[in-house]
Amino acid sequence: MKILRDRIARWSLVGVLLTLAAAVMYTPTASAHGEKSQAAFLRMRTIHWFDLNWSKASVNVNEEVEISGKFHVFEGWPESVDPPEVSFLNIGIPGPTFIRKESYIGDTFVPRSVRLEIGNTYTFRVVLKARRPGEWHVHTMLNVQGGGPIIGPGKWITVEGSMSDFRNPITTLTGQTVDLETYNLGNTYFWHALWYAIGLAWMFYFIKNPVFLPRMVMVNAGRADELITPTDKKVAMLFGAATS
Amino acid sequence: MSTSSSAVRSHAEAVQVSRAVDWLGIFILFMVLTGSYHIHGMLTMGDWDFWADWKDRRLWVTVYPIVMITFPAAVQAVIWERLRLPFGATICILGILFGEWINRYFNFWGWTYFPVNFVFPTAAVHMAIFLDVVLMLSGSFLFTAVIGGLGWGLLMYPGNWPVIAPLHVPVEYNGMLMSIADIQGYHYVRTGTPEYIRMVEKGTLRTFGKDVAPVSAFFSGFMSILIYFMWHFVGRWFGTVKFVKKT
């Protein structure tokens with residue numbers, strides 16, 4: 001009887017574990033963005049986006065996409081939201097799948113925040129350059145200080161190709177043309193690796209000798225001063241000079 | 001074996017056990033500091049450390065040293081006082097940089113594809129070694145707070161200059177003067193960090209005798225002295241041994 005009960009218990013457990021494993025391994029793609037998670041008054045009574053146009057639905061890496069259209073700053077702007085005195089024309093994408101090359105409100109280039117007037121209608125244009133292959137829902141967005149992100153309509157854009165082909169050249173005022181994807185990368189790694197090695201060397205100098213128990217015994221016995229030798233101090237001065 | 005007899009049977013075994021404790025202790029201390037100091041850093045100086053365009057001459061130079069001298073001060077208070085170990089600040093910084101580089105490379109780059117030349121962390125090993133050396137040579141927490149704290153703040157910008165200088169090269173972009181770091185921030189879209197959040201050189205500091213970085217550095221140095229003093233006591237409080245039973 002006991003053997004039978006044990007067997008039932010064991011196989012029931014196996015069944016439960018198999019069910020759990022099957023549930024965990026099945027992960028359907030999530031395609032909701034939470035656009036409607038914003039409060040209705042925030043979506044409907046702040047910025048009205050209209051006449052939007054996404055120039056392409058499918059591009060290759062390094063190709064450009066332009067999003068243009070208009071937005072109206074609604075007269076019934078909610079009192080609970082700060083007026084759009086500091087606003088930033090942004091793009092809602094999952095990370096830098098595109099890079100933003102240009103953005104304009106009217107004819108003004110707007111890499112910074114701007115002031116918008118309630119009741120006015122503005123034309124805008126954003127030029128993006130495809131960077132990462134995949135299917136991306138690309139939104140317009142306006143970040144308002146004291147109001148948060150006010151997301152506009154989105155459209156699926158497919159990017160094909162390979163991200164390793166992406167280039168982002170910039171010409172500096174010193175006459176150099178550099179690729180922002182890799183510029184200064186080697187220099188960054190070098191200095192960080194050098195400093196990390198120096199830090200490890202400082203630590204290893206002391207942990208090559210006994211670290212915890214013997215030192216604790218000596219400090220408790222009142223012999224703490226013997227733990228730092230004149231050689232240790234010379235080494236310290238060397239490291240101090242090197243880092244300063 | 002009872003509590004009154006030794007756990008080891010020979011001197012050689014005692015040495016072996018002591019060394020095993022050393023490696024375990026170092027590993028645990030390193031990992032605990034990596035986690036805790038990292039959380040502290042992210043909640044205080046986070047964005048200034050994440051993004052190249054936030055690495056300015058004002059708030060980065062000011063905020064980073066002040067909030068980051070906390071754990072080094074506390075750890076020094078414990079491991080110098082109890083063990084005369086002069087690497088309290090260094091182990092903190094090596095820990096946080098270890099965690100930060102894993103985060104930047106595998107998450108910022110590997111997951112969200114921000115280029116590493118835009119999201120590298122702040123170099124702080126030189127500041128930590130300076131703080132440890134001052135404590136070791138002076139043997140005084142007060143001296144370390146004043147001279148070490150001031151040096152901690154002053155050394156930050158020059159130590160990071162070799163890394164960030166190439167990003168401050170000017171570019172004329174669509175008729176506007178920007179630095180390469182500014183363009184990185186503009187190009188690589190961050191939906192959660194709208195431009196007006198970017199706390200970069202805000203205020204009138206630039207009109208104060210034109211030199212921004214030295215003013216920020218001295219202010220952060222003086223504030224670091226104060227924070228070192230406060231967090232030394234945090235370290236002492238957490239480093240108490242009064243709960244350890246005397247045998």
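Predicted model, so just to flag it, every value in this text is computed and none were measured.
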Sidechain-backbone polar pair: [X] side chain, [Y] backbone, donor-acceptor under 3.5 Å:
X	Y	result
A/H192	B/P121	yes
B/E195	A/S113	yes
A/Y196	B/L94	yes
B/N117	A/L180	yes
A/R215	B/R84	yes

Measuring only between side-chain heavy atoms, which start at C-beta, is [X] closer than 4.5 Å to [Y]?
X	Y	value
B/V116	A/T188	no
B/E172	A/T172	no
A/R112	B/Y186	no
B/V189	A/N90	yes
B/Y196	A/N143	yes

Proximal component of [X], with respect to chain B [non-hydrogen, under 4.5 Å]:
X	result
A/M216	both
A/L200	both
A/V235	neither
A/T97	neither
A/P111	both
A/Q176	neither
A/M218	neither
A/I198	both

Honestly, the part of B/F30 sitting under 4.5 Å from a heavy atom of chain A is side chain

Under 4.5 Å to a heavy atom of chain A? For B/V21 that would be both

_Go through it in stages, so that I can follow the logic: the residues are A/I170 and B/H187, the test is side-chain contact (heavy atoms from CB on, under 4.5 Å), and I'd like the CA-CA distance, side-chain angles, deciding distance and then a yes or no._
CA-CA 11 Å; A/I170 289 284; B/H187 276 190; 3.9 Å; yes

Correct closest heavy-atom pair for A/A236 and B/M136 would be CB-SD, 3.6 Å

Residues B/P166 and A/N187: closest non-hydrogen pair is CG-ND2, 3.9 Å

Working to the nearest 0.5 angstrom, can you tell me the gap between [X] [atom1] and [Y] [atom2]?
X	Y	atom1	atom2	value
B/T191	A/I93	OG1	CD1	8.0 Å
B/L131	A/T243	CG	OG1	10.5 Å
A/L213	B/D22	CG	CG	6.5 Å
B/Y188	A/N168	OH	CG	4.0 Å

Report the C-alpha distance between B/W101 and A/Y189 in whole Å, list the side-chain angles of each, state the deciding distance to 0.1 Å, and finish with yes or no for side-chain contact (heavy atoms from CB on, under 4.5 Å).
CA-CA 10 Å; B/W101 270 109; A/Y189 284 141; 3.7 Å; yes

- Any chance you could lay out the side-chain contact (heavy atoms from CB on, under 4.5 Å) test for B/W23 and A/I207, step after step, and finish with the verdict? CA-CA 9 Å; B/W23 293 120; A/I207 66 176; 3.9 Å; yes

Residue pairs meeting ring pair (Phe, Tyr, Trp, His ring centres under 6.0 Å), one or both in residues 203-244 of chain A, sequence neighbours left out, come to A/W202-A/F206, A/W202-A/F239

Which residue out of [options] racks up the most heavy-atom pairs below 4.5 Å with chain A?
options	result
B/P158, B/G139, B/A123	B/A123
B/V169, B/V134, B/V17	B/V169
B/I93, B/L85, B/I79, B/L167	B/L85
B/L83, B/V163, B/V125, B/I183	B/L83
B/A124, B/S18, B/P162	B/P162
B/L97, B/I91, B/L154	B/I91

Counting only heavy atoms not in [X], do more than 12 fall under 6.0 Å of its [atom1]?
X	atom1	result
B/F98	CZ	no
B/F218	CZ	no
B/Q16	CD	no

Among the options [options], pick out the one with the most heavy-atom pairs lying under 4.5 Å from chain B.
options	result
A/G148, A/S103, A/P94	A/S103
A/G240, A/A224, A/S87	A/A224
A/G95, A/G92, A/G199	A/G199
A/V217, A/N220, A/L185	A/L185

Ordered numerically, the heavy-atom neighbours of chain A under 4.5 Å found in residues 174-182 of chain B are B/N174, B/M176, B/L177, B/M178, B/I180, B/D182

Taken in chain and number order and not counting sequence neighbours, the residues that satisfy ring-ring contact (aromatic ring centres under 6.0 Å, His included) with A/W195 are B/H126

For residues 105-115 of chain B, the side chain to side chain donor-acceptor pair (under 3.5 Å) pairs (sequence neighbours left out) are B/N103-B/N107

